[in-house]
Amino acid sequence: MTRLPLSVVAVMTAASMAVADCPPVTVDDPMGVPQGKYAQQYELSEFETLANCKLSFSENPEIAALNSRIRGNRELPPLSERLPEEPLVMAPYHSIGKYGGTFNGMSNATEAGTHDFVTLRHVNLVRLADDLVTIVPNIAKDYEWNDDFTQLTFFLRKGHRWSDGAPFTADDVKFWYDNLALDSKVIPNPTDYTLVAGERMTVDVIDPQTVRFNLPAPKPGLLVHFATSWAQGFQPKHFLGRYHPDINPDADKLAQEAGFENGLAVIKAYWGNTDWTDSPSALLSAPDRVANLPADVVPTLESHIYISDTVEGRHLVANPYFHIVDTAGNQLPYINEQDETYIPNTEVRILRLINGEADYKQQGVTLPNAPLLLENQEAGGYQIDLAPSPFLVAVGFNVTSDDLEKRKVFGDLRFRQAMSIAIDRDEINETAYFGLGEPSQYTGISPLPDFIDQKWKSHYVEYDPDRAAALLDEVGMVDTDGDGFRDLPNGDTFVLNLQFSSQEMPAQVIELISLNWSEVGVNTTIKEIATDEYRSAQSAGLLDVVVWVKGRMLLGHLGTNDYWVPPFADYFNLRVGLKWAEWIQTDGASGVEPPDYVYELIKDIDTFQSVAIGSEEFEAAANRLVENMVSNMLFIGTVFAPGPIYHRNALKNFKTFSVAGSPAANYPWRANQWYLDEGN
């Protein structure tokens, strides 16, 4: 037998190692492969270098059949033409998954209780890592700030494609900003996160894979916005651009041929007229309108895409062009389909969870539900975890009420102080939260960082009905007609109608608040209404008192100012001061002029977002924000309590969450690597 020279053997050995299969690295078992630039994920070349291997790719065997259900998609090309040239390589938490199955989700109704379902597929340019602090690439391959945080550059993936196979490039980022988010014909008033201290940015396309945001002033939190927001920093120019008159001179003609008034009407039908992008196209529920359009929904970069939407629920299938693979080269997601069923009745939802009829649920499952769920978890084949939450039930008063007598009372700080100390938070904690919670004032930032004075958590929190009564007397609210309840200072009858939705909070909390207020002479009635009805009434200024969960981690305030600027939240959350917002938005042409402290809040949030994170100026601004918000008591907090997190045992690669309630629109716990295994 002829022996090869040792030098030749060495070359052949090195060559065979270079093309060896890659180790199926997981977070639990890195198999000797060093961590890359970012934990739990790698760029392809980085992984192959660190693992000394060549990654080969595999696809879901059912992906062609799933693709055929996406109207408008062409027949699938090979996987090599669907993945980016350098896909994102994810290490699964526990094991390489297997393809197949349908993920079953459960919500109250369209845009009611859907938060934790839609986050499972959502993506943005970057995302939060598990530590809820580090920002890591997602859609973008990487990012780079200049020294003074006035230029943010994103590097995209060559060969990345939309769910219909069209190329995704830097032009799609610029199109989103210039022609949608900052186009008043599409969105009448730009959202705060698209601006820097009220001024617009510019977006430059450097090349197809490089896009740069130029900021008029420093805003380090812009990157945080892209890691935590629903609003994705890209939209498909090839698809929506054909209907935009600034891009296509034949846009209106094309739209009219499809039965729409003009091109902008098509854009609004597909995409809406806000930057809220986590809901499917309205056209899905109006199939007669979509017949002459190229697809049912806008192409996506997310893990799954909508194919149906009815009054009973929504259904999605896997995106055949998704940009992530696991460390064995399998294109994600593992789960074929996602199904969302609408169940408006809380008791029915809990019963279905007990029966194991959902794979995961967090939103709308509150601590009072936990004992029953825990009691049945073994028989039902699921697990309940409890995790701390940054949210607490809070109430606010309509300080810009159309009723001028009520406006005077609600705008009196003494009234708000009285209503806070009239609440027995210890009783709420024991009754609704089994003593597991922590009574607290609403502080704007939660949990409150160590560098902020902790005294604000206990500001006007101590239960003191006698002092509350004395403060109400000072306001001039006394019983003038002898019915046992306080009237308005002018003698008019005063009834506080407390309407609420139990989507996010235990009804027991609202009942106890109502009882406490009645005990100090404020005639309070309660009524549970549907979530959409509540939101509509709140945003129309029709409610005297508003109640919802409220809270946000420190990082979340870096990219958006909505918690500090009237009306202090978006449509979906707890908001007050609607006419203050109108005054600010119209430069005083209409609405109600806010008090000075509101302008101080606006100034301080601009400072907070523009200075170096962690600097003395940053911490000073944060302290001023909290002091101003809490001392003026626009919102009154109750109790921070842990929240239950439900998942079926068959759902694998599920990591126990460190917080209840998503701190971001796209979960850091990576639902695209979850898989279903009914045999275990």
Distance from [X] atom [atom1] to [Y] atom [atom2], nearest 0.5 Å?
X	Y	atom1	atom2	answer
Met90	Thr26	CE	OG1	14.5 Å
Ile307	Asp309	CD1	CG	11.5 Å
Phe322	Glu302	CZ	CD	8.5 Å
Asp339	Asp359	CG	CG	10.0 Å

Give me the ring orientation class for [X] and [Y]: parallel if the planes are under 30° apart, tilted from 30 to 60°, perpendicular past 60°.
X	Y	result
Trp674	Phe657	parallel
Phe103	Phe117	tilted
Phe654	Tyr360	tilted
Tyr563	Tyr442	tilted

Quiz item: Is the shortest heavy-atom distance from the side chain of Asn138 to the side chain of His323 under 4.5 Å?
Solution: yes

Practice problem: Kindly confirm or rule out a cation-pi arrangement of Arg670 over Tyr93, judged by NZ or CZ under 6.0 Å from the six-membered ring centre and within 45° of its axis? | Solution: yes

Quiz item: Only one of Leu83, Leu79, Leu44 clears side chain to side chain contact (heavy atoms under 4.5 Å, CB included) with Val325; which?
Solution: Leu83

Quiz item: Only one of Phe234, Tyr193, Phe213 forms a ring pair (Phe, Tyr, Trp, His ring centres under 6.0 Å) with Phe226, so which one is it?
Solution: Phe213

Quiz item: Among Tyr321, Trp176, Trp162, which residue meets the ring pair (Phe, Tyr, Trp, His ring centres under 6.0 Å) test with Phe168?
Solution: Trp162

Practice problem: Sequence neighbours left out, what passes side chain to side chain contact (heavy atoms under 4.5 Å, CB included) with Glu62? Give chain and number order. | Solution: Asn60, Asn336

Exercise. For the pair Glu337 and Arg69, find out whether any cationic side-chain nitrogen is under 4.0 Å from an anionic carboxylate oxygen.
Key: yes

Self-check item: Chi angles and distances behind the ring pair (Phe, Tyr, Trp, His ring centres under 6.0 Å) call for Tyr143, Phe155
Solution: CA-CA 6 Å; Tyr143 61 86; Phe155 306 98; 9.0 Å; no

